[in-house]
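Treat the numbers as computed from the prediction; the structure is a model and nothing was measured. Per chain, numbering begins at 1; letters A, B, ... match sequence-line order.
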Amino acid sequence: MEYHLKTPLKKEDIEKLNAGDIVYISGEILTARDEAHARILEMGEKKEELPFSLEGAVIYHCGPLMQKTENGWKVVSAGPTTSGRMSKMTPPLLKAHDVRAIIGKGGMKDVADALKNGSVYLAYTGGCAALAAELIKEVKAVHWLDLGMPEAVWVLRVEEFGPLIVGIDTKGKDIFAEVREKAQKQLEKQE
Amino acid sequence: MSTKISRESFIRSIADLLRKTETELPDDVVNAIRKAEAAEENKVAKFQLRAILKNLEIAKKYRVPMCQDTGIMIFFAEIGSEFQPGFDLEAAIREAVILATTEIPLRPNAVDPLTRKNSGNNTGVGIPDIHWKLVPGNQLKITAAPKGAGSENMSSLRMFNPTETGSIKNFVLETIVTAGGMPCPPLTIGIGIGGSFDAAARLAKESLLEPLDAPMEGLEREIFEAVNTLGIGCMGLGGSTTALAVRVKTAHCHTASLPVAVNIQCWANRHASVVFGGDE
């Protein structure tokens, strides 16, 4: 199945998605990778308010390549980064905020349970950064530039961002885990 | 005899070389991805291989980096013993990297390993990483091979016992299974066997520069076929396209040693060369 969704995402929007479906997203997405995740969690512990809202949000695991022009920031290249690095920080983040979708590449380990509360993992083809940049229409804001360009939180307006493949759905079906398990079995056979 | 090349034109050439490396792949790599797309039967994988090919078209057309991870700057230089530039080559390459970072632009990826402070211009201690090899003649050949972290992070090195040559294949397969979709398959797998701890890693990295359309022999073919039965597929979502090629380089090593390094390369096997000097 193919779906075209608009942000902010509602629970109903994503509960109908099944692993393997194709999704396109329009609206607002926020980039966050290692350092941003760490800071979000740290601020949560200190009960400090974030400078952006994560309710119904789409988090994009992406460290974009941006260029500063006279009219503000321009997206040059913005593909997904390896989601696996954020695996440990994601369950506490989902517990604290109603993030509805995560976009990344390569899959995440042991997050399927945390996603069952109403979030999906969407896989974007790794390295397809020139293609992604074409679908980002506007840089709406940037937070935490002190973390460096790749690690900052960029608020982006996208149109028909995709194709994204539902990698982990709200029912706990995880394509990456299934592929991993099969590969492991195949490896044992070869030994 | 001094080689006729100005510092300014050298810097210009290296910056142009980096632009080429970041925005288009060598023909043999593109052809290998095309071949994989044609052969792939898994729908999701085929879909993604098409996205990769489309991405390559856009990057080449608009001369923008194909991947936002423009890598850390690695160069392989073969310098002729009679090549006399008349200026500091390393400093000039460093300057070219700084120029390319703002000009192309490149994402500033070089950080201090402990404080994680970003230098902002892709240079730093040991970066750019330049491997010098002295060769006969009066030419200088420079190959740029920027490397992204997704695939680099999944690479591995192990010091085996000398009698464990039979375990090499399994070590590579284990490395690839652990990596799963994280290093952005379809992969080129560079394997360095022998040398010393560091030489094995360098051999593995160098082997990624070998043409993908050259036939695979012996261990290369054996590992290639085994990897593609794992079913990891494009981006770890399943399918038969896990590796585009496997390349092995060997060097003699200590009789008590057997170092083996696996350097994983994502589909964006970026590299290009430029030659200076010669008999003009």
Side-chain angles (χ1 to χ4, degrees), chain A residues 19-20 22 31 34-35 62-68 74-85 104-109 123-134 146-151 162-163 165 167 175-191, chain B residues 22-23 43-44 47-49 51-52 54-62 64-70 102 104-109 111 116-118 120 148-150 153-154 169-170 173-174 176-177 179-185 226 229-238 242 266-268:
Chain A
I22 289 162
T31 71
D34 310 61
E35 303 282 348
C62 168
L65 165 54
M66 298 289 199
Q67 195 171 28
K68 200 162 195 183
K74 187 183 139 211
V75 185
V76 180
S77 200
T81 194
T82 309
S83 299
R85 293 198 317 270
K105 60 113 172 158
M108 300 178 84
K109 277 189 183 152
Y124 191 55
T125 313
C128 282
L131 187 63
E134 290 240 301
D146 60 300
L147 297 176
M149 183 196 290
E151 304 286 343
I165 290 153
I175 300 184
F176 295 95
E178 286 173 7
V179 166
R180 246 189 337 257
E181 217 168 282
K182 267 192 216 156
Q184 189 58 42
K185 277 194 187 132
Q186 186 65 32
L187 175 67
E188 281 156 21
K189 250 201 265 173
Q190 303 222 9
E191 271 171 7
Chain B
E22 297 282 357
T23 59
K43 237 178 83 184
V44 168
F47 210 77
Q48 301 200 72
L49 288 162
I52 290 172
K54 193 172 168 199
N55 181 65
L56 285 173
E57 269 173 40
I58 294 170
K60 192 172 175 181
K61 187 173 161 197
Y62 297 109
V64 294
M66 64 188 80
C67 180
Q68 82 292 339
D69 185 352
T70 50
T102 49
I104 298 176
L106 303 176
R107 196 176 71 180
N109 282 333
V111 301
R116 309 306 295 180
K117 191 178 175 340
N118 199 317
N153 285 354
M154 297 296 127
K169 178 178 153 190
N170 204 258
L173 293 180
E174 273 173 20
I176 302 301
V177 170
M182 289 189 278
C184 289
T229 62
L230 294 172
I232 293 167
C234 187
M235 299 300 151
L237 285 160
T242 305
C266 64
W267 62 259

Kindly give the heavy-atom pair with the smallest separation between [X] and [Y], and that separation in Å.
X         : Y         : answer
Gly127(A) : Cys184(B) : N-SG, 4.4 Å
Thr229(B) : Gln186(A) : O-CG, 3.3 Å
Asn55(B)  : Ala130(A) : OD1-N, 2.9 Å
Gln67(A)  : Thr102(B) : NE2-O, 4.0 Å
Thr82(A)  : Gly150(B) : OG1-CA, 3.6 Å
Pro80(A)  : Gln68(B)  : O-NE2, 3.5 Å

Verify the neighbour count for atom NZ of Lys182(A): are there more than 12 heavy atoms of other residues, nucleotides or ligands below 6.0 Å?
-> no
[X] portion near chain B, given a 4.5 angstrom heavy-atom threshold:
X         : answer
Ile165(A) : side chain
Glu134(A) : side chain
Ala123(A) : side chain
Ile22(A)  : side chain

Run the side chain to side chain contact (heavy atoms under 4.5 Å, CB included) check on Glu151(A) and Arg116(B) step by step: do they pass?
-> CA-CA 11 Å; Glu151(A) 304 286 343; Arg116(B) 309 306 295 180; over 6 Å; no
What residue in [options] has the most heavy-atom pairs under 4.5 Å with chain A?
options                                    : answer
Cys234(B), Gly181(B), Pro185(B), Gly233(B) : Gly181(B)
Leu173(B), Val111(B), Asn118(B)            : Leu173(B)
Ala59(B), Gly180(B), Ala226(B), Cys266(B)  : Ala226(B)

If we only count heavy atoms from C-beta on, is the Ser77(A) to Thr70(B) side-chain gap below 4.5 Å?
-> no
Reported CG-to-NZ distance for the pair Asp146(A) and Lys117(B), which is rounded to 0.5 angstrom = 11.0 Å
NZ of Lys105(A) to CE of Met235(B), rounded to nearest 0.5 Å, is 7.0 Å
Whether Asp69(B) side chain and Thr81(A) backbone form a donor-acceptor pair below 3.5 Å | no
Give a yes or no answer on whether the side chain of Thr125(A) reaches the backbone of Ala51(B) with a donor-acceptor pair at less than 3.5 Å.
-> no
Partner chain B: residue of Gly148(A), Pro163(A), Gly20(A) with the largest heavy-atom pair count (under 4.5 Å) | Pro163(A)
Using a cut-off of under 4.5 Å for heavy-atom pairs, which of Cys128(A), Gly167(A), Ser83(A) has the most such pairs with chain B?
-> Cys128(A)
Would you check, one step at a time, whether the test side chain to side chain contact (heavy atoms under 4.5 Å, CB included) holds for Leu230(B) with Val179(A)?
-> CA-CA 9 Å; Leu230(B) 294 172; Val179(A) 166; over 6 Å; no
Contacting region of [X] [heavy-atom separation from chain A under 4.5 Å]:
X         : answer
Glu174(B) : both
Leu56(B)  : neither
Lys169(B) : side chain

